[in-house]
Amino acid sequence: MFLKKYLIRKIVEYDLLPCSIRWKKSVSGIGRMYADIMKMMKENYSSEGVKRLSKVMYNIGFTQASEILELLGLERNLEGCAYALLAMHRIFGIKSKIVKKESNKIIIHVTDCCWGRKKRGWTPQTCASIGQYETGLVKGILPDATPIYPKRHTLGHDVCELVLTLKEEGDKDE
């Protein structure tokens, strides 16, 4: 038992914790913090506080959009937008994949995330709020694209389904 304690202390002391442990704890902690912040905003500022938090998430996604595209070498089109979303999902511990591609629509299924079904206090409203990051990211990449979630784990579905649609030239509002 002494040897195990000694080894653990040395791993910590020399900053040798595996990246996988750091990553899992970081992502899990982000979810816990977000749920707690959202609860506090709701209690102290009612629905206006939740709207403000959601707007912050949207702005972060919107602001990061161009940087993410450039960093990943993706094009500013529907497919590039979908892959930018998938990349950000990976960073936040979300397992997702493209299940359908059309010229003006891509469907992404999220099969697992570190938050939706696992975090105490995580609700459909929490998902919708933090999901504003994705909306901001999409709008920052393609202003004419629309992301919607017709299915969510927190609403009892087997997957979260993200549908990205892009208005075609003839569909533009006049």
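On a predicted model such as this, the values are computed, not experimentally measured, just so you know.
For the pair His157 and Lys151, the tightest heavy-atom approach, listed with the atom from each and the gap, is ND1-CA, 3.5 Å. Contact between Tyr58 and Lys139 at its shortest, heavy atoms only, is OH-CB, 3.4 Å. Of all non-hydrogen atoms in Met57 and Tyr34, the two that sit nearest each other are CG-OH, 3.3 Å. When all heavy atoms of Leu72 and Ala84 are compared, the pair lying nearest together is CD1-CA, 4.4 Å. Scanning all heavy atoms of the two residues, the minimum distance from Tyr149 to Cys160 falls at CE2-CB, 3.9 Å.
Annotation: side chain of Pro147 is not in contact with side chain of Val163 (no heavy-atom distance under 4.5 Å). No side-chain heavy atom of Phe62 sits under 4.5 Å from any side-chain heavy atom of Leu137. Contact annotation: the side chain of Leu78 approaches that of Leu142 to within less than 4.5 Å [non-hydrogen atoms, C-beta and beyond]. Counting heavy atoms from C-beta outward, Leu162 and Val110 have side chains that stay 4.5 Å or more apart. Contact of the Leu69 side chain with the Leu71 side chain is not registered, since no non-hydrogen atoms from C-beta on lie closer than 4.5 Å. No side-chain heavy atom of Thr123 sits under 4.5 Å from any side-chain heavy atom of Thr154. At a threshold of 4.5 Å between non-hydrogen side-chain atoms, the residues Leu164 and Glu134 do not count as touching.
The CD1 atom of Ile60 sits 12.0 Å away from atom CD of Gln132, with the distance rounded to the nearest 0.5 Å. Taking CZ from Arg32 and NZ from Lys25, the interatomic distance works out to 11.5 Å, rounded to the nearest 0.5 Å. Rounding to the nearest 0.5 angstrom, the gap separating the CD1 atom in Ile68 from the CD1 atom in Ile91 is 7.0 Å. Separation of atoms CD (Glu13) and CD1 (Ile8) is listed at 13.5 Å; rounding is to 0.5 Å. Taken from CG in Leu86 to CG in Leu74, the straight-line distance is 10.0 Å, to the nearest 0.5 Å. Going from atom CG of Leu166 over to atom OG of Ser103 covers 8.5 Å, rounded to the nearest 0.5 Å.
Taking Lys55 as the reference, nothing meets the salt bridge (charged side-chain N to carboxylate O under 4.0 Å, His left out) condition, with sequence neighbours excluded. Here Leu3 pairs with Leu7 under the side-chain contact (heavy atoms from CB on, under 4.5 Å) rule; sequence neighbours left out.
Applying the salt bridge (charged side-chain N to carboxylate O under 4.0 Å, His left out) test to residues at least two apart or on different chains, the pairs with a partner in residues 59-82 are Glu79-Lys101. The stretch residues 82-99 participates, sequence neighbours left out, in no salt bridge (charged side-chain N to carboxylate O under 4.0 Å, His left out) pair at all.
A salt bridge between Asp158 and Arg152 is absent, with no side-chain N of the basic residue lying under 4.0 Å from a carboxylate O of the acidic one.
Hydrophobic clustering (side-chain heavy atoms under 4.5 Å, transitive across Ile, Leu, Val, Met, Phe, Trp, Tyr) keeps Ile107 apart from Tyr83.
Residues Ile11, Leu16, Leu17 make up the rest of the hydrophobic cluster containing Tyr14, defined by ILVMFWY side-chain heavy atoms closer than 4.5 Å, directly or through other members.
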When the side chains of residues 37-50 are checked against the rest of the protein, which donor-acceptor pairs come out under 3.5 Å, sequence neighbours left out?
from: Lys42; atom 1: NZ; to: Gln125; atom 2: OE1; distance (Å): 2.9
from: Asn44; atom 1: ND2; to: Met40; atom 2: O; distance (Å): 3.4

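Not one N or O on the side chain of Ser129 forms a donor-acceptor pair closer than 3.5 Å with the backbone of Thr126.
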